[in-house]
Protein chains: 2
Amino acid sequence: MAPLVCTSVFDRTSERLQRRRSSTNIKAVSPGDGHRPVQLRDVAAEAGVSISTASRVLTGSGRCSPGAKNAVLAAAKRLSYQPNKIARALRAKTTRSIGMTVPWLRNPFYAELVEAVDVFLQRFEFDLVLADARGSWQDEARRVHSLVSRRVDGLIVIPTQQTNSAEALAEANRSIPVVQLEYETGNLDIDYVGIDNTLGINLVLDHLVDLGASSVRFVSSAIISSASRSRLKAFSDGVEERGMRPHEPILGRFTTKFGKEAVTTILAGGAMPDAIVCASDVVALGVIGQLRADGISVPEDVMVTGFDDIVFAELCDPPLTTVHQPRRRLADAAVSALVGRISGENRGPPTRVELPPHLVVRRSSLRPPHVVPSSNLA
Amino acid sequence: MAPLVCTSVFDRTSERLQRRRSSTNIKAVSPGDGHRPVQLRDVAAEAGVSISTASRVLTGSGRCSPGAKNAVLAAAKRLSYQPNKIARALRAKTTRSIGMTVPWLRNPFYAELVEAVDVFLQRFEFDLVLADARGSWQDEARRVHSLVSRRVDGLIVIPTQQTNSAEALAEANRSIPVVQLEYETGNLDIDYVGIDNTLGINLVLDHLVDLGASSVRFVSSAIISSASRSRLKAFSDGVEERGMRPHEPILGRFTTKFGKEAVTTILAGGAMPDAIVCASDVVALGVIGQLRADGISVPEDVMVTGFDDIVFAELCDPPLTTVHQPRRRLADAAVSALVGRISGENRGPPTRVELPPHLVVRRSSLRPPHVVPSSNLA
DNA sequence: ATGAAAGCGCTAACAA
DNA sequence: TTGTTAGCGCTTTCAT
């Protein structure tokens, strides 16, 4: 192309850089060696600047002339340069990745939480290294160590257990920021983000009392997580405060299978309560399924409530009344807390965030004719 | 401790190493500098050997004396040494991590697949870097690039689209092994692991024909994935082969919401078919929910079938007849294929694995009185 | 069998 | 503003 008459400032700068290109000692390695991925030195050579200038431009650190900036950016684009994040991580001591462990990914509630966390992490350009603990605190500890060894910049953990998960978290927290999500261990010096479980259970109890329930049974996991502990305590206290008949809680695991077994336990015990309060939706789904199998109608014969509000709570028959956990806001809070620690913006004492859940009333708790809760009449 | 009379070979080796410790120039950095994580040089110093010997012992590469080996192992344990995987990755050119993208983690089928993949990866000591494409092939492409840039050793992708996902995969496949899982793009030179969709649909059709169905409607996603394409073709062909009445397929997205809308479409069209065949369980769940809302009984008024066999297929009312996809085996095959490529054991032409699904018959397809399929009478 | 030394590809002092 | 230099923590020739 013939040179135009008009030469802008930018064009002149580019020319200067082009000329200098041969005088600089940065040169790309011979192209004959197979498929070596393009690296910073190639970009620098192509742009006619030094490696450090290229680095500065691409990382946005340090000042540089607009000409150099444009030349580097153009060269990078032309060569479709992709920085080697491993090399960058080794030098800059940050991988721009965070680790996350979950008890079981197959529990949709956790899967939805992971998805939400991933979305928020993207805003800070963090990638997610995920580990499934498969219900075992030993596996969890192993994976947490592995993640730390991988130099993730931070860790979001949904602990499998309240006591056994504590040690690995404490150790990890000595090298990188850690946030406990949804459940908390005994580690009072580690950030925690969850919901107000006491409020959640009380929302359920108020609702059931309004509907005239006086006999209520509680089905939950064994007291291994902080959530099962608080939910049980809230339930026991709540039942007493409201002058309802106390019952032995039925404790096992947060699985559908256990929900089914719980129904068998209740039937073996004789009297059917007015309502069955479950501390997890997957349990409630099992309860409803088994009740149906045994020919017991919900909500006519017994009302059932869940906890979490997973997608399928709305789809089961009857649709499940449950405590909705705001996953987006949980994920947002967890990621914000973590990023605050990683960036060093937050050096304060451990954060403890408890988001308020809300009750979603569906048919599983509404005995026909659909009773208008008395509180609404006040 | 006073020296014992008996000095074993091992003891003598240790002594020698201890003595040499002061004469070697490997020394740990002064412990006064905050909380520097223990690194290889510390282990080497503690064991009284050189860094390279320590490295050889810990990576298991290269021979070394049993004495040195024990000394290093003991030192590593004593200091609870955790190798810096970033440094190792930069030098050894392998991160021992693989990347995976899914269309939506909130779809339990994908979540279960991810869980299974994670389990199998653990056997090879690979960690999982997960990315949620959120249904967008642009996001998917971005994340794939990021994963490659992160130098994962391989990629397992559940593509969001058949055509649009192809380019990013092809490019990634130029630098690292890629396996397409569950859906395939047009890339014929990339390994693929999925199920036999044609068989799956024919299993459903045979079952429905046995039950006397002659009018069947198909609900699926738009033809953006290879699975939706094959399932639709298998359905159309199958309907014709069996001399059933052809109907316009109802195409949208693999979501519960779309399943509900599909029912509205069917009702608007007038006649209710004998059966509604869905290409995904989440769609089928939506269909069943909407039918119930509209006062239409399943399976009395219309039978419904799904595809995938997610956990909730069994829990909905009525429980859903569906095509079971063997997630474990899918994950196993995908991981095996990928590891084979990464290790270089498999340099052959692209693999194409199609696992056979099977039909799980539940109540949603059984009109009372429960008909014994005629094929069972033969 | 072992140690010295050379990088992996990048960022960050420091000097010019 | 820019280039030169020195590593990040490890693995891996290459001598010894």
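Just so you know, these numbers come straight off a predicted model, no measurement behind them. Chain identifiers are assigned alphabetically (A, B, ...) following the order of the sequence lines, protein sequences preceding nucleic acid strands; residue numbering begins at 1 within each chain.
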Can you check side-chain contact (heavy atoms from CB on, under 4.5 Å) on I156(B) and I98(B), steps first, answer last?
-> CA-CA 8 Å; I156(B) 294 180; I98(B) 78 105; 3.9 Å; yes
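The shortest heavy-atom contact between R150(A) and T95(A) is O-CG2, 4.0 Å. Minimum heavy-atom separation, D191(B) to T351(B): OD1-N, 2.7 Å.
Surrounding CD of Q82(B) are more than 12 heavy atoms belonging to other residues, nucleotides or ligands, all under 6.0 Å away. At most 12 heavy atoms of other shown residues, nucleotides or ligands fall within 6.0 angstrom of atom CZ in R134(A).
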In the 5'-to-3' direction, what one-character label does each nucleotide of nucleotides 7-16 of chain C receive under the scheme B = base within less than 4.0 Å of a protein heavy atom, S = sugar-phosphate only, - = no such atom?
-> BBBBBBB---
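OP1 or OP2 of dT2(C) has not a single side-chain nitrogen or oxygen of T53(B) nearer than 4.0 Å.
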